[in-house]
Structures are given as C-alpha cells and as structure tokens.
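Data first, discussion second: the structure below is written as structure tokens.
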Protein chains: 2
Amino acid sequence: MNISPKKISDHQLEDQEISINHQKLIDATIETIAKKGLGDTTIAQVAKKAMVSQGYANFRFKSKENLLLSSLKFLSDEYKNSWQRIFEDNNLDPVGRVIKIIENDFSGKIANRNKIAVWVSFYSEVKFRPSYLSICQKQDEIYSSQMEKLIKEVNILSNQSFLTSREISETYLSMVDGLWQRILFDPKMYSHVFCKDLIKKYFRNIYADEKRFV
Amino acid sequence: MNISPKKISDHQLEDQEISINHQKLIDATIETIAKKGLGDTTIAQVAKKAMVSQGYANFRFKSKENLLLSSLKFLSDEYKNSWQRIFEDNNLDPVGRVIKIIENDFSGKIANRNKIAVWVSFYSEVKFRPSYLSICQKQDEIYSSQMEKLIKEVNILSNQSFLTSREISETYLSMVDGLWQRILFDPKMYSHVFCKDLIKKYFRNIYADEKRFV
DNA sequence: ACTCATATTGAATGATTATTCAATACAAAA
DNA sequence: TTTTGTATTGAATAATCATTCAATATGAGT
C-alpha cells in the first residue's frame with residue numbers, strides 16, 4: 001500500500017478538480033432555476049452554463065433528479081451555516097442574537113430574489129418528492145427549536161409572559177416564509193429594509209422596553 | 001332575426017354543456033396538480049380525469065398554458081369571492097369581520113392541502129410567467145388594501161396606535177402565506193386550529209381589551 | 001330520412017429532453 | 001515513446017408530451 005507523496009498530491013488535485021466541476025454544475029443549476037424556473041430547467045442549459053458537455057453533467061450526477069437534489073442540499077446547507085454561526089456566537093446576548101437572525105434572514109446573500117425563486121420552486125414540489133422534504137424538514141426543525149429556545153431567553157429577561165416562546169417563534173418563522181414569497185411578487189415593495197423593519201416592529205411591540213428593535 | 005323559444009332554450013343547453021366540460025376540465029386540472037405537481041401534470045391525465053379525450057381538452061382550451069391559466073383564475077376567483085362576502089357583510093363590526101377573515105383563510109374550503117399545493121405551484125412560477133402574476137397580483141392588492149382599511153377601523157375603536165394598520169395587515173398577510181406553506185410541509189402540526197389560534201393570539205396581544213380574539 | 005353544423009375522438013406528428021455510450025482527449029507511469 | 005487509465009465529449013436513442021387534424025358521432029332542423 002506504499003503510497004508516494006506524489007500520488008497523494010495527485011489524488012488531492014483530482015478531488016479538487018472533481019469538486020470544481022461539481023460545484024460549477026450546482027451553481028449553474030441554481031442560476032438556471034432562478035432564471036427559467038424548475039420546470040424549464042434542462043440538463044443541456046445547466047451544462048452549457050457550467051461549460052461542460054451535457055453528457056458529462058449527467059455522468060457526474062448520475063441523473064437530473066440527483067443534480068437537483070444536490071443543488072437543494074447546497075442551498076439548504078448554506079442557509080444552515082449562516083444561522084448556525086449566529087446561534088453559536090458567544091459574544092451575543094439573546095436580543096442581539098434575535099436581531100442578527102432577522103438581519104441574516106433578509107440579508108442580500110440569503111433573501112435575494114434568485115435564491116428565493118429556487119427555494120419556492122423546491123417548496124412547491126415538496127409534497128410530491130419525499131427526497132426534497134427530507135432535506136428541508138430536518139434543518140427547519142432544528143431552526144425552529146433553536147429559535148424557540150432563544151425567544152424563551154428573551155421572554156425571561158424581559159418579563160414577557162402573555163405570548164409563549166413557541167407562539168412568538170412560530171409567528172416569526174411563518175412571517176419570514178410569507179415575506180420571502182412576497183419578495184418574489186413585488187421586490188420593490190418588499191425590500192429588505194421593509195421586511196426587517198416590519199419584523200422588528202413586531203418584536204418591539206412585544207418587548208416594549210427593549211430599545212434595540214429600532 | 002325571429003328567434004323561437006326553442007332555439008333560445010337549445011342555445012342555453014348548449015352553453016351549459018360547454019360550461020360543464022369547461023368546469024370538469026378545470027376541476028380535473030386542479031386535482032391533478034394537487035396530486036402530481038404542476039411539472040408532472042399532463043393534458044392526457046387531466047383529460048382522463050375529466051373523462052374527455054385528450055384532443056378535446058386541447059381543442060377546448062386552445063393550449064395547455066391556457067388551461068392552467070383558467071384553472072388559476074378559477075381558484076383565484078373562488079378565494080376572492082370568499083373574502084369579498086365578508087367585507088361586504090353589513091351585519092359585522094370591524095372586529096367581527098377580522099375574525100371571519102381569519103376563519104375564512106383557514107377554512108377547510110380554502111386552506112386544504114390540495115388547494116395550497118396548487119397555489120404554491122403557481123406562486124413558484126410567478127417570476128417566470130407574467131400571466132400568472134397578473135391574475136394573482138391584482139386581487140392580492142385589493143385584499144391588502146381592504147384589510148388595511150379594516151384594521152384601521154379596529155385601531156381607532158381600540159385606541160391602538162403603536163402599530164400602524166399597514167404594519168398589522170402586512171404582518172397578517174405574510175403570516176397567512178407562511179402558514180399555508182407550512183401546512184404543506186407538516187399538515188399535522190399546522191392544523192387549522194393551530195394556525196387560527198396563532199393569529200388570534202397575535203391580535204389579542206395587540207388589542208388586549210378585545211375579548212373576541214379567544 | 002336526410003342534411004348540416006357542431007362536438008368529440010384518438011391516432012399521428014413533431015418537438016423536447018433525459019440518458020446512454022462509443023469515441024476521443026489527456027495526463028501520468030513505464 | 002508507448003501504454004494505460006481516467007475525464008470528457010457529443011451524437012444517437014428512446015421516452016414523453018403538447019398539438020393537430022381527419023374521421024366520426026350527435027342531434028336539431030327540414
């Protein structure tokens with residue numbers, strides 16, 4: 001099994017190369033869905049955008065279904081990483097964390113029209129594709145429960161007891177989903193600032209003493 | 001131009017027959033989208049479910065696109081009629097109207113999983129099909145503005161001034177969209193009762209004196 | 001019974017597209 | 001240089017569908 005350093009290096013390079021094409025195809029898939037819609041996304045278009053041959057795209061991902069799945073997984077992980085970093089940031093107090101969460105959910109990286117278009121496309125197929133559901137659902141459950149725990153802390157600190165942490169977090173999560181969808185309809189009216197302000201006002205109403213919800 | 005009574009009667013019958021097939025096809029389209037998804041809905045399946053030939057379905061609606069459009073229009077009108085009746089009901093006071101609106105938005109007729117699946121399917125294509133957008137957007141604007149006016153009345157009656165009627169109605173509308181989407185993911189958790197209670201609690205928190213938000 | 005107009009059929013067509021695979025490019029090892 | 005294994009191509013295949021249309025059914029008027 002004597003493996004030479006060269007060989008390892010080669011292998012790593014190989015993996016990197018593979019990885020580059022892999023990611024190029026996923027990026028191209030997301031761009032294509034964002035531009036044409038899930039239904040009008042063909043392997044030929046994706047391959048062209050990724051600048052590889054059509055045959056290669058299929059070979060690399062085994063099937064179109066698998067390419068779509070991988071793209072959804074990528075988006076889902078990207079989102080997860082963004083909020084996980086906030087929950088794990090020990091420099092933040094509960095209210096500061098909530099504010100960061102809101103800002104993240106309506107940041108240019110997460111809530112831009114292209115990515116929302118992709119999200120909503122997959123959401124709309126969730127009922128028919130258990131594989132989509134399983135990717136989204138698990139992470140959503142974690143997000144929900146983390147959010148509820150966080151709100152519980154804020155509730156305690158602010159002596160708020162009329163609304164339960166569950167109620168507040170469910171309201172927040174449904175508002176985010178709804179606003180994302182509305183961004184698709186009318187991105188001018190539902191600007192990031194508008195959405196963030198609306199949600200902050202919601203919190204401000206609940207936690208009247210907390211001046212940070214602008 | 002002497003038209004005999006018989007002839008008129010025939011003509012009406014003819015129209016009715018046409019109308020029956022027309023509606024059978026639209027119903028079948030909605031059912032098929034709800035069962036298979038927009039992307040996997042074929043004219044053949046719809047025609048089979050409506051018990052007419054494939055060729056007829058195409059002939060009658062001129063194109064698949066047009067059949068889908070007509071189906072969206074039908075759903076959209078059905079929804080509009082349901083809330084318009086509430087806004088026009090003079091027996092209701094503002095708060096009573098809000099409660100009826102909430103109940104309507106999560107009634108079995110409107111917020112069932114099949115219809116939501118169809119809604120979300122069309123929503124997800126809105127960015128790519130201006131024709132879908134134009135059907136949805138206009139009615140949504142009316143609903144929004146009616147809702148805002150209604151909330152303004154409630155605000156005045158209850159001396160609530162921290163949240164504007166715009167803010168409350170936008171919050172309500174985005175919550176409804178978000179909750180509808182969540183019903184697709186997890187209809188058990190997001191039951192109609194759960195959704196209605198969540199929203200009523202939101203209003204109860206704003207209008208603390210109003211006991212009718214359960 | 002016959003004619004005519006309209007409604008409806010269903011098989012044929014043509015377009016689109018995922019998938020396959022034999023052929024080729026390429027680069028590393030000998 | 002030659003060999004060998006892997007990466008990549010792109011043309012061929014096969015399946016799926018929307019759409020068309022010639023043929024047929026239906027039923028009212030004469």
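Here is the naming used below: chain letters follow the sequence lines, and residue numbers restart at 1 for every chain.
Side chain of B:Q54, nearest nucleotide from C:dA18, D:dT8, D:dT19: D:dT19. Proximity note for A:N21 (side chain, C-beta onward) versus D:dT8, D:dT20, C:dT19: the nearest is D:dT8. Residue A:K64 has its side chain nearest to C:dT19 when only C:dT9, C:dT19, D:dA18 are considered.
Checking side-chain atoms of B:N66 against main-chain N and O of B:K62 turns up no donor-acceptor pair under 3.5 Å.
We find that NZ of A:K48 is positioned 14 Å from P of C:dT16, with the value rounded to whole Å. The nearest whole Å value for the distance from the CZ atom in B:F59 to the C1' atom in D:dA23 is 15 Å. As rounded to whole Å, 11 Å separates atom C1' of C:dT6 from atom CZ of B:R60.
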*Starting at the 5' end of DNA chain C, what dot-bracket string do you get if Watson-Crick and G-U pairs under 3.5 Å are bracketed, crossing pairs use [ ], other-strand pairs use | and unpaired bases use dots?*
||||||||||||||||||||||||||||||

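Under 4.0 angstrom from either OP1 or OP2 of C:dT19 there lies at least one side-chain N or O belonging to A:N58.
Along DNA chain C, the nucleotide closest to B:M51 and the one closest to A:T42 are compared, and the more 5′ of them pairs with B:M51.
A salt bridge does not link B:K100 with B:D89: every distance from a Lys NZ or Arg NE/NH1/NH2 to an Asp or Glu carboxylate oxygen is 4.0 Å or more. A salt bridge links B:E170 with B:R166: at least one charged nitrogen is closer than 4.0 Å to a carboxylate oxygen. In summary, B:E125 and A:K36 do not engage in a salt bridge, as defined by a charged side-chain N under 4.0 Å from a carboxylate O.
B:Y143 and B:Y79 have their aromatic ring centers within a separation under 6.0 angstrom.
For the atom pair CH2 of A:W180 and CG of A:L184, the computed distance is 11.0 Å after rounding to the nearest 0.5 Å.
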